Amino acid sequence: MKTIRELLAEGVEGKRVFVRADLNVPLADGTITDDGRIRAVLPTVTKLVEAGAKVIVASHLGRPKGAPDPVFSLLPAAERLGELLGKPVAFAQDTVGPAAHDAVDGLEPGQVAVIENLRFNAGETSKDDTERGEFADKLAALADVYVGDGFGAVHRKHASVFDLPARLPHYAGYLIATEVGVLKKLTEDVKRPYVVALGGAKVSDKLAVIDQLLGKADRLLIGGGMAYTFLKAQGHEVGISLLQEDQVPKVKEYIERAKENGVELVLPVDVLVSTEFPDLKTKAPANPTTVAADAIPADQEGLDIGPETRKLYASKLADAGTVFWNGPMGVFEHPDYAEGTKAVAQALLDSPAFTVVGGGDSAAAVRTLGFDENAFGHISTGGGASLEYLEGKTLPGLAALEN
Ligand SMILES: Nc1ncnc2c1ncn2[C@@H]1O[C@H](COP(=O)(O)OP(=O)(O)O)[C@@H](O)[C@H]1O
Ligand SMILES: O=C(OP(=O)(O)O)[C@H](O)COP(=O)(O)O
């Protein structure tokens, strides 16, 4: 894989360099609540600026449906990038249209433009190779060189991640090089017990990785929105909690295989429930109740792990040699549902293990809940990406940079 170091040695003065970043930051009412993913791409952008490149930064944000949607505009991220760089950043209100071309044509060496959300275009995420390829052709027309640095999206076979690098000279940025360097260690010599904690809301994506983890981890702790499909598979009712009903048979198999493989599978023993999802804007008190995990009322939703589970999970992390954690244990954005995530973060800090936290929201949770990010072994900007890397899968965005 050629890296940005080689690109800088070759020289980029006056060249249009397309940086595929992951600026998919959490937003509340248009305000960025954690800018970690923007800070993560600064080394790459700064070096390119200093070397006199015309830098085009591109990313997705959220999951818009292949058409413009103001809620998912990248403008707040572009503004924050400008603040962090300490220089103005141009913003194009389209991705490959006249605004993008104008913005790029207007760049002087050392200047930066951000183009609008890649996923405002159906071609970006299309499963059809031709449709994706056509969109990649349009992106390629904007640039001379490609730098892949959106680690959080390298597991996606999307136009800007997979097809575009095949059309331009391509290099890995500093973030991807660092992430791969650290995560590689977790695929080689892992100090045991190796404990993996999984939570979050992208349940169907992340259930798939458990298959492989059952052959690698010694212990699996399940929390967050992920837990309810497991509780259901154990025969418990989960009320109106997040549930991947179609995956219940597969999860039953996982539970059986964990027993066969001697993998300790740990599920919540109690949860915090409420009849409604909390208001994340006003943060009005949610007044949840604590119930046993096998007694969730039919009209209630599980929104965090309960106090007994917090103690249990802390004890299961205390003797770990290595911990990989992806996915908050609850809806940590609301203070009434943040205790589970806090307890797991604290348990990671208290354990002697090498600790890796992965995922946009998990990393944001650690920082916004007041933990020192430098106290963890590594904070990865990618959740799904790091999980699939640890699975040993070929990731489209890394394969494309290697070819
Ligand atoms: N029990 C739950 N029900 C619904 N959403 C949950 C629950 N627990 C956690 N979440 C949500 O999961 C989201 C993060 O999930 P995900 O994107 O999978 O994590 P990451 O970005 O770290 O990979 C958070 O916004 C959080 O509110
Ligand atoms: O937030 C992301 O992934 P993550 O939640 O697994 O960390 C990435 O930006 C990828 O986004 P996607 O899962 O909508 O493709």
Side-chain angles (χ1 to χ4, degrees), residues 20-28 33-34 36-38 40-41 59-65 72 74 77 117-119 124-125 150-158 160-161 179 197-209 222-231 238-244 268 271-274 276-278 280 288 293 296 300-306 309 324-334 336-341 344-345 356-369 379-389 395-397:
R20 197 330 178 168
D22 180 356
L23 307 183
N24 185 18
V25 286
L27 290 165
T33 54
D34 179 71
R37 277 182 166 160
I38 307 177
V41 78
S59 175
H60 69 285
L61 189 141
R63 293 178 170 176
K65 306 253 173 289
F72 297 108
L74 264 183
N117 195 336
L118 291 155
R119 293 187 184 170
E124 169 67 0
T125 57
F151 179 74
V154 289
H155 58 317
R156 302 295 182 209
K157 193 179 175 185
H158 292 171
S160 66
V161 177
E179 293 268 21
L198 286 182
K202 292 179 181 170
V203 183
S204 60
D205 277 7
K206 288 168 188 173
L207 275 174
V209 307
I222 309 285
M226 177 81 92
Y228 305 95
T229 307
F230 279 82
L231 293 172
V238 296
I240 53 168
S241 309
L242 207 60
L243 174 66
Q244 206 69 43
V271 290
L272 302 191
V273 297
S274 172
E276 46 192 45
F277 198 84
L280 302 183
I296 301 176
Q300 310 252 337
E301 178 173 13
L303 294 159
D304 194 11
I305 56 173
T309 309
F324 179 82
W325 170 32
N326 166 253
M329 292 291 118
V331 182
F332 73 93
E333 295 91 338
H334 192 287
D336 289 349
Y337 300 111
E339 293 303 320
T341 302
V344 166
V356 178
V357 182
D361 287 301
S362 306
V366 161
R367 288 186 288 257
T368 57
L369 296 175
I379 302 225
S380 171
T381 53
S386 49
L387 277 169
E388 289 194 27
Y389 184 88
L395 303 186

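Just follow the structure's listing: the first ligand is 1, and inside any ligand the first atom is 1. Keep in mind the model is a prediction, meaning the values are calculated, not measured.
Listed by number with element, the atoms of ligand 2 under 4.0 angstrom from any heavy atom of G383 are 4 (P), 6 (O), 7 (O). Here is the list of ligand 2 atoms found below 4.0 Å of a heavy atom in N24: 1 (O), 2 (C), 8 (C), 9 (O), 11 (O). Here is the list of ligand 2 atoms found below 4.0 Å of a heavy atom in G359: 7 (O). For ligand 2 and D22, the ligand atoms under 4.0 Å from any heavy atom of the residue are 8 (C), 9 (O).
Taking 4.0 Å as the cut-off, Y228 counts as a neighbour of ligand 1 on heavy-atom distance.
The closest donor-acceptor contact from the side chain of E179 to the backbone of S380 lies at 3.5 Å or more, if one exists at all.
Counting heavy atoms under 4.0 Å from ligand 2, residue R119 touches it through the side chain alone. Neither the backbone nor the side chain of H158 comes within 4.0 Å of ligand 2, counting heavy atoms alone.
With rounding to the nearest 0.5 angstrom, the CD1 atom of I240 is 7.5 Å from the CD atom of Q300.
Looking at ligand 1, you won't find any N or O of G384 less than 3.5 Å from one of its N or O atoms. Here's the thing with G302: one of its N/O atoms is less than 3.5 angstrom from an N/O atom of ligand 1. Of the polar atoms of D304, none of the N or O atoms is found under 3.5 Å from an N or O of ligand 1, judged by distance alone.
When the heavy-atom distances from atom 7 (O) of ligand 2 to S380, G360, A153 are ranked, the shortest goes to G360.
Listed by chain and residue number, D205 satisfy the salt bridge (Lys or Arg N to Asp or Glu O under 4.0 Å) test with R63 (two or more places apart in sequence, or in another chain).
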